Amino acid sequence: MMNINIGVISDLHLFRKTINIENALSKLQHVDILCMVGDIADRAEEEQYNILLRLMGDTFRDIPVYCVSGNHDNPARDDTAYRQFEKRINDQYPAIVDESGAFFKQIHEDVALIGLNPQYHQKQFYFPEKGKQLAFLQETLRALTCKYRIVLCHPPLLAHNPHRTAEMVSYIVTEQDARLQKIMDDNSNIIFLSGHTHIAPSIEFDEVHGNLYINDGSICPTTVKGTDAKVQQGNITLLALSEHEICVTVKGIFSEMILLEKRIHTDWNV
């Protein structure tokens with residue numbers, strides 16, 4: 001019987017202070033897999049990534065860790081230091097890395113992971129080379145027959161951005177945001193994990209297409225949308241996958257207060 005626990009963190013913005021990151025990691029020592037959804041280092045400096053590797057130490061040596069980059073990980077479209085970190089963190093658990101910059105990993109017979117790494121320019125994300133990563137995503141999804149397909153992408157889609165308003169422009173350039181959304185809508189059983197928003201973790205289940213959208217919020221202080229008071233702590237997301245259910249729990253990293261929780265029955269066929 002399948003029971004997989006996945007920890008999700010994003011927007012660590014590691015610079016000098018590490019207390020939030022240390023508290024987050026201490027709450028994730030029991031997970032089977034750890035996913036980091038971008039903006040790992042604040043200035044994409046090699047030493048910042050080295051600090052995180054030291055913080056993770058032996059605890060996460062035997063836990064597979066997968067990550068995608070955020071805008072802070074590729075300033076001026078230079079992700080050299082991030083790519084070195086990615087290789088080191090994934091060294092024991094190699095994935096299939098496409099030349100487009102996306103990657104794929106079958107982490108269980110019923111669970112696959114696809115990572116997208118859009119670049120950032122003039123305050124918008126874009127997939128280079130006419131969206132080759134999106135083509136890789138579509139081809140990979142078509143070939144997969146496993147029950148759960150997890151997509152990591154730092155910016156959320158406009159339709160599932162917890163900050164969205166009628167006037168809002170998408171974080172991803174408009175044409176590619178629409179293209180990525182169509183790929184999602186043309187498939188099903190996808191768990192789309194994003195970050196970037198910082199102050200509004202969210203869980204949205206698209207019942208029409210059978211896809212789940214989770215915006216992780218951040219390791220930085222987090223506010224739940226619809227509340228007045230700012231929660232003076234960051235958050236982690238715990239994703240428990242079983243044969244018939246997905247359980248999503250968003251917790252504060254200091255108090256462990258549950259900020260959001262949702263259970264979704266998944267008696268579907270691929």
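Position 1 is the first residue of the sequence; numbering continues from there. Bear in mind that the values here come from a model prediction, so they are computed numbers and not experimental data.
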Atom pair [atom1] ([X]) and [atom2] ([Y]), whose distance is rounded to the nearest 0.5 Å:
X    : Y    : atom1 : atom2 : result
D186 : I183 : CG    : CD1   : 8.0 Å
Y126 : Q122 : OH    : CD    : 10.0 Å
I96  : I114 : CD1   : CD1   : 10.5 Å
R179 : L134 : CZ    : CG    : 5.0 Å
E207 : L212 : CD    : CG    : 11.5 Å

Would you confirm whether [X], through its side chain, and [Y], through its main-chain N or O, come within 3.5 Å as a donor-acceptor pair?
X    : Y    : answer
K27  : I253 : yes
N187 : M184 : no
T266 : E245 : yes
N23  : I19  : yes
K147 : E243 : yes
D32  : N5   : yes
Q106 : H108 : yes
Q176 : F127 : yes
D73  : A44  : no
N117 : G101 : yes

Exercise: identify the closest heavy-atom pair between [X] and [Y]:
X    : Y    : answer
I191 : L239 : CG2-CD2, 4.1 Å
N20  : G234 : ND2-N, 4.3 Å
R164 : E204 : NH1-OE2, 2.9 Å
C67  : I40  : CB-CD1, 3.9 Å
T174 : Q124 : N-NE2, 4.5 Å
Y120 : R77  : O-CG, 3.8 Å

Check whether any side-chain heavy atom of [X] sits under 4.5 Å from a side-chain heavy atom of [Y], and report yes or no.
X    : Y    : answer
L238 : I6   : no
Y66  : N90  : yes
C220 : H198 : yes
L25  : F60  : yes
R83  : K87  : no
L193 : I150 : yes
V68  : L116 : no
Y82  : N74  : no

For the residue pair [X] and [Y], confirm or rule out a side-chain donor-acceptor distance under 3.5 Å.
X    : Y    : result
S100 : Q133 : no
N161 : H196 : no
N3   : S242 : no
T197 : Y171 : no
D185 : Q181 : yes
T237 : D216 : yes
N211 : R149 : no

Which of these, P118, S194, S170, sits in a side chain to side chain contact (heavy atoms under 4.5 Å, CB included) with P155?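 Testing each of P118, S194, S170 against P155, the sole residue satisfying side chain to side chain contact (heavy atoms under 4.5 Å, CB included) is P118.
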Does atom CZ of R16 have more than 12 heavy-atom neighbours, drawn from other residues, nucleotides or ligands, at distances under 6.0 Å?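 Open: at most 12 neighbouring heavy atoms sit under 6.0 Å from CZ of R16.
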Go through it in stages, so that I can follow the logic: the residues are F104 and L113, the test is side-chain contact (heavy atoms from CB on, under 4.5 Å), and I'd like the CA-CA distance, side-chain angles, deciding distance and then a yes or no. CA-CA 6 Å; F104 163 77; L113 190 69; over 6 Å; no
Is the distance between the ring centroids of H13 and H72 less than 6.0 Å?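 Yes.
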Check the pair I236, V8 against side-chain contact (heavy atoms from CB on, under 4.5 Å), reporting the backbone distance first and the verdict last. CA-CA 6 Å; I236 60 170; V8 183; over 6 Å; no
Answer with yes or no whether the hydrophobic clustering places I246 together with M2; edges join I, L, V, M, F, W, Y residues whose side-chain heavy atoms lie under 4.5 Å apart.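 Yes.
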Derivation of the side-chain hydrogen bond (donor to acceptor under 3.5 Å, both in side chains) call for D11 and S218: CA-CA 5 Å; D11 297 88; S218 70; 5.9 Å; no
Does a side-chain N-to-carboxylate-O contact under 4.0 Å join E261 and K251?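 Not counted as a salt bridge, because no side-chain N and carboxylate O are separated by less than 4.0 Å.
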Are E139 and R142 close enough, and set up right, to give a salt bridge (Lys or Arg N to Asp or Glu O under 4.0 Å), and what steps lead you there? CA-CA 5 Å; E139 292 168 7; R142 284 176 179 167; over 6 Å; no
